[in-house]
**Student:** 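Supplied in structure tokens, the structure appears directly below.
Model, not experiment: these values are computed from the prediction.
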Amino acid sequence: MTGPKLHEVLADPANWLWTSRPRRHFGLTAPQPVCEHWFDDAHPTADTSALPTWDELSVEEREVLVRAAEAGGMLTGAFGIWEDPPADLGTTERLAWVDQQLAPLLPFVREGWIEVQHYPDADGDAFTVIPIRSLRSALADPSVRYEGDEWGVGIGCTFTFAGLAIWRGGWSHAWGSRLSVD
């Protein structure tokens, strides 16, 4: 049903089911094929046959992918997956430390599959996207990296739309199968 016919049905109060709840609550349902279409649009898949399998990825690459799939996605900070550099490192040593941490992330960022974000404080949900050319310096900066105890402050990552399609196209299934109990 579309166009004027849909408008006519929705505008007629006889087609609405009213409840005695104090708040208005509206629901919209759709037939299964429509729901599947919406889901596929919201959660795309891509052909991953040319990509390495889950088992061919390094442990560090897998950790980054799983982190990007999680709601928080934190790489640094109190709940990040990356350790803080030792405090006594000089500039050159600190950059070398950061380079090791960045190595499994950079290929996914270069492909446009993962976006890296800086979350400056725990009181808001604002973030800044860190371009690939600035990742090294951002991760070397203790104030950006955040080496404190607040949750959600520091550097995190998330899938882009294209990255989500890659993740759903194969790696998420391999990851999920390891989480299921037979």
**Student:** Rounded at 0.5 Å granularity, tell me how far OG1 in Thr158 sits from CD in Glu70.
**Tutor:**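 Rounded to the nearest 0.5 Å, the OG1-CD separation comes to 10.5 Å.
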
**Student:** Taking Gln101 for its side chain and Glu83 for its backbone only, find out whether a donor-acceptor pair lies under 3.5 Å.
**Tutor:** yes

**Student:** Hydrophobic cluster membership, with links at side-chain heavy-atom distances under 4.5 Å among I/L/V/M/F/W/Y: are Trp175 and Ile114 in one?
**Tutor:** yes

**Student:** Any heavy-atom pair between the side chains of Leu65 and Trp54 that's under 4.5 Å?
**Tutor:**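 Yes, side chains in contact.
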
**Student:** Do Ile132 and Trp82 land in one hydrophobic cluster if side-chain heavy atoms of ILVMFWY residues count as linked below 4.5 Å?
**Tutor:**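 Yes, it is one cluster - the side chains of Ile132 and Trp82 are joined through contacts under 4.5 Å.
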
**Student:** Just checking Asp149: does its CG atom have more than 12 heavy atoms from other residues, nucleotides or ligands closer to it than 6.0 angstrom?
**Tutor:**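 Count not over threshold, so no.
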
**Student:** Are the side chain of Thr76 and the backbone of Arg145 linked by a donor-acceptor contact shorter than 3.5 Å?
**Tutor:** yes

**Student:** Val66, Val116: one ILVMFWY side-chain cluster at the under-4.5 Å cut-off?
**Tutor:**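 Shared cluster, yes.
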
**Student:** Is there a donor-acceptor pair under 3.5 Å between the side chain of Trp171 and the backbone N or O of Pro52?
**Tutor:**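 Yes; at least one donor-acceptor contact below 3.5 Å.
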
**Student:** Just how far is it from atom CZ of Phe159 to atom CZ of Phe108, taken to the nearest 0.5 Å?
**Tutor:**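 Result: 8.0 Å between the selected atoms.
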
**Student:** To the closest 0.5 Å, what do you measure between CG (Leu106) and CZ (Arg136)?
**Tutor:** 10.5 Å

**Student:** Just by distance, do the side chain of Arg62 and the backbone of Leu57 share a donor-acceptor pair under 3.5 Å?
**Tutor:**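 Side chain of Arg62 to backbone of Leu57, a donor-acceptor pair under 3.5 Å: yes, one is there.
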
**Student:** Among Phe127, Tyr146, Trp151, which one satisfies ring pair (Phe, Tyr, Trp, His ring centres under 6.0 Å) with Tyr119?
**Tutor:**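 When Phe127, Tyr146, Trp151 are each tested with Tyr119, the ring pair (Phe, Tyr, Trp, His ring centres under 6.0 Å) holds only for Phe127.
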
**Student:** Starting at CG of Asp141, measure out to NE2 of His118 and round the result to the nearest 0.5 Å.
**Tutor:**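 If we round to the nearest 0.5 Å, Asp141:CG and His118:NE2 are 8.0 Å apart.
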
**Student:** Take atom CD in Glu111; do more than 12 heavy atoms of anything else shown fall under 6.0 Å from it?
**Tutor:**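 Count over threshold, so yes.
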
**Student:** Would you indicate whether the side-chain heavy atoms of Glu60 and Val64 approach each other to under 4.5 Å?
**Tutor:** no

**Student:** Does the Thr48 side chain pair with the main chain of Leu51, one donor and one acceptor, at a distance under 3.5 Å?
**Tutor:**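 Not a single qualifying donor-acceptor pair exists.
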
**Student:** With rounding to the nearest 0.5 angstrom, report the CZ to CG distance, Arg94 to Leu139.
**Tutor:** 9.5 Å

**Student:** Distance from Ile81 atom CD1 to Cys157 atom SG, nearest 0.5 Å?
**Tutor:**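 Rounded to the nearest 0.5 Å, the CD1-SG separation comes to 6.5 Å.
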
**Student:** Spell out, yes or no, whether Leu102 and Met74 are grouped together once hydrophobic residues are joined by side-chain heavy atoms under 4.5 Å, including indirect joins.
**Tutor:** no

**Student:** Take atom CG of Asp88 as the centre, draw a 6.0 Å sphere, and report whether it contains more than 12 heavy atoms from other residues, nucleotides or ligands.
**Tutor:**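 Counting other residues, nucleotides and ligands, CG of Asp88 exceeds 12 neighbours.
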
**Student:** Check the side chains of Ser49 and Asp47 for a donor-acceptor pair under 3.5 angstrom, ignoring hydrogens and angles.
**Tutor:**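 Checked: Asp47/Ser49 side chains pair up, N/O donor to acceptor below 3.5 Å.
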
